[in-house]
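Scroll down for the structure; my scribbles are underneath it.
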Protein chains: 2
Amino acid sequence: MESAGQPVANGELRVVQHSAARTRVLDAALALFAERGVSGTSLQMIADAVGITKAAVYHQFRTKEQIVLAVTERELGRLGPALEEAEAHGDGSQARDALLVHVIDMAVRDRRLVRTLQFDPVVVRLLAEHEPFQRFMDRLYRVLLREGEDGALEGAMLSGAISSGVMHPLVGDIDDDTLRTKLTNMTRRLLGLPVKPVAGTG
Amino acid sequence: MESAGQPVANGELRVVQHSAARTRVLDAALALFAERGVSGTSLQMIADAVGITKAAVYHQFRTKEQIVLAVTERELGRLGPALEEAEAHGDGSQARDALLVHVIDMAVRDRRLVRTLQFDPVVVRLLAEHEPFQRFMDRLYRVLLREGEDGALEGAMLSGAISSGVMHPLVGDIDDDTLRTKLTNMTRRLLGLPVKPVAGTG
DNA sequence: GTCTATATTATGATAGAC
DNA sequence: GTCTATCATAATATAGAC
């Protein structure tokens, strides 16, 4: 299992089952990254949050960048199954819609990680530099973006609207269920789709 | 002119005319903040970008936080006149619309600063902690947000859609004029407003 | 898996000369 | 307004014991 310590493989996003110790580090790191940004978070802070020393953290991850990489891969990877399902259903509007609901669901449930994954400069650079991330994002956009000249802009605005819709100070006191419903409706409005109740998975 | 080195005054956002040397520092800092984030930018990097030493930077600003403060105040302050004009025209939809056009215009023209002002953790903290910023944002939202229970969410999504619409990798190759027009149209669609041509200022 | 201890470099910040 | 020189601290990272 030494591959878990390596950079992201050249192929797909790996789904790694981390050890309990590694998981504790990643959880603490993610929380700190969301609050203070990746560059604003030191290994000392992560170690303190876990309740261990820096050296123990370095035993789990060779560099800070490896931690960022692992966090990003783990969280982004959670969209993998939904993406594969959508791809299996062809490129119709139904597949796109189902994936969109899933993305909104994940964004609402884990609001704090949105800022890190979408906007942190360090993560953005990682996503741009590592091929597996690029490929994964390409696949995501291929399903989510609509055909036509405005597809890219639409997708960009959509992703920002959802992100900001879950993390903006203005929406801090809206409960998850309400937020999910309203986000979905407004997303449909932005896309010019008919507004309908949120579909269940069954 | 010693007030320029002080924290933001308790009253309004100050409009400070910085010296040439200070302006060079602020310009370099803003560019670096946009690229690497505030925490990822050191005073050494800023000094190198300007072509001076750290000590010379410290002659202009007492701390790094003062630089962040000055950059934020300067850029946010550019919206001041448009905001005041909108407030003078009452709280009708016409005033909101005019301000919205202005905000989009500024976002498109200076795409790189959007990430810093809207999403950088350090700037977000500053905005939340300093009263003048809070007051300014309150005024902005009072004009931009619509009445009703969904006003806050609408505003949050709107701000994210515009931000992401100008800074997302997907839109990097769209020219300013095209982007401004399409952003305005999609913004109207999100708000459920009739889509019309962008109005001039005269 | 965790610790103590340490090396190295970078960081924010200051003093004082020109 | 800028420089050289310096300081104290914090950063990333490693070695080796338990």
Side-chain angles (χ1 to χ4, degrees), chain A residues 1-7 16-33 35-72 120-123 125-126 129, chain B residues 1-7 16-33 35-72 120-123 125-126 129:
Chain A
M1 299 297 154
E2 77 285 46
S3 69
Q6 295 296 112
V16 180
Q17 255 303 94
H18 297 285
S19 69
R22 283 173 79 102
T23 300
R24 279 193 294 273
V25 169
L26 293 180
D27 289 345
L30 179 55
L32 284 163
F33 290 167
E35 215 178 295
R36 326 208 11 164
V38 172
S39 288
T41 301
S42 71
L43 285 167
Q44 186 65 64
M45 293 174 195
I46 296 173
D48 288 347
V50 179
I52 56 180
T53 61
K54 267 192 299 178
V57 175
Y58 273 107
H59 181 74
Q60 307 295 341
F61 298 95
R62 273 177 48 241
T63 63
K64 182 183 175 182
E65 173 144 334
Q66 293 297 320
I67 298 178
V68 183
L69 225 34
V71 167
T72 306
D120 192 287
V122 176
V123 174
R125 180 176 52 76
L126 272 191
E129 284 177 358
Chain B
M1 299 298 159
E2 77 284 40
S3 68
Q6 295 298 111
V16 180
Q17 257 302 93
H18 297 286
S19 70
R22 284 172 78 103
T23 301
R24 278 192 295 272
V25 170
L26 293 180
D27 289 345
L30 179 55
L32 285 162
F33 291 166
E35 216 178 294
R36 326 208 12 164
V38 172
S39 288
T41 300
S42 70
L43 286 166
Q44 187 64 64
M45 294 174 194
I46 297 173
D48 288 348
V50 178
I52 57 180
T53 60
K54 266 193 299 179
V57 175
Y58 273 107
H59 181 74
Q60 307 295 341
F61 298 94
R62 275 177 45 240
T63 64
K64 183 183 176 184
E65 174 145 331
Q66 293 298 319
I67 298 178
V68 183
L69 224 35
V71 166
T72 305
D120 192 287
V122 176
V123 174
R125 180 176 51 75
L126 272 192
E129 283 177 358

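Quick note: numbers below take in every heavy atom, side chains included, and nothing from hydrogens, waters or symmetry partners. Numbered from 1 within each chain, the chains take letters A, B, ... in sequence-line order.
Distance NZ (B:K54) to P (C:dA15): 15 Å, rounded to an integer number of Å. Separating the CD atom of B:E65 from the C1' atom of C:dG12 is a distance of 12 Å, rounded to the nearest angstrom. A:D48 has its CG atom 15 Å from the C1' atom of D:dT12, to the nearest Å. When the C1' atom of D:dT12 is taken as reference, atom CD of A:Q66 falls 14 Å away, rounded to whole Å. Straight-line distance from the CD1 atom of B:I52 to the P atom of C:dA13: 15 Å, rounded to whole Å. In this structure, B:F61 atom CZ and C:dT14 atom C1' are separated by 18 Å, rounded to whole Å. Taking atom CD1 on A:I46 and atom C1' on D:dT12, their separation rounds to 12 Å, with Å as the unit. Atom pair A:R62:CZ and D:dA15:P shows a separation of 12 Å (rounding to whole Å applied).
Side-chain atoms of B:T63 lie closest to C:dA13 of the nucleotides C:dA13, D:dA13, C:dT11. In the set D:dG1, C:dT11, D:dT12, D:dG1 carries the atom at the smallest distance from any side-chain atom of B:A21. The side chain of A:S19 lies closest to C:dG1 when the candidates are D:dT12, C:dC3, C:dG1. Side-chain proximity of B:H59 to D:dG1, C:dC3, D:dC3: nearest is D:dG1. Taking every side-chain heavy atom of A:A55 into account, C:dT4 is the closest of C:dA13, C:dT4, C:dT2.
Side-chain N/O atoms of A:Q60 include one lying less than 4.0 angstrom from OP1 or OP2 on C:dT2. Note on B:R22: every side-chain N or O is 4.0 Å or more away from OP1 and OP2 of D:dT2. Side-chain N/O atoms of A:T53 include none lying less than 4.0 angstrom from OP1 or OP2 on C:dT2. Of the side-chain N and O atoms in B:S42, none sit less than 4.0 angstrom from OP1 or OP2 of C:dA10. Contact between the side-chain N/O atoms of B:Y58 and the OP1/OP2 oxygens of C:dA13 is found at a separation under 4.0 Å.
Residues A:A70 and A:L26 share a closest heavy-atom pair of CB-CD2, 3.7 Å. Residues A:V68 and A:V122 come closest through the heavy atom pair CG1-CG1, 4.3 Å. Listed here is the closest heavy atom pair of B:A56 and B:I52: CB-CD1, 3.7 Å. Minimum heavy-atom separation, B:T63 to B:Y58: CA-CE2, 4.3 Å.
The side-chain contact (heavy atoms from CB on, under 4.5 Å) test with A:V38 is passed by exactly one of A:E65, A:R125, A:K64: A:K64. Checked options A:Q17, A:Q60, A:H59; the residue passing with A:R22 is A:Q60 (criterion: side-chain contact (heavy atoms from CB on, under 4.5 Å)).
Direction change of the helix axis from one end of the helix from C:dG1-D:dC18 to C:dC18-D:dG1 to the other is 10°, with five pairs defining each end axis (rounded to 10°).
DNA chain D is contacted by both A:K64 and B:A20; B:A20 maps to the nucleotide lying nearer its 5′ end (nearest heavy atom per residue).
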task: Please lay out, stage by stage, how A:L69 and A:F61 fare under the test side-chain contact (heavy atoms from CB on, under 4.5 Å).
output: CA-CA 10 Å; A:L69 225 34; A:F61 298 95; over 6 Å; no

task: Evaluate the side-chain contact (heavy atoms from CB on, under 4.5 Å) criterion for residues A:V57 and A:I67: first the C-alpha distance (whole Å), next the side-chain angles of each, then the deciding distance (0.1 Å), finally the verdict.
output: CA-CA 9 Å; A:V57 175; A:I67 298 178; 3.9 Å; yes

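Among the protein residues, A:S39 comes within range of no part of the nucleic acid, since none of its heavy atoms lies under 4.0 Å from any strand.
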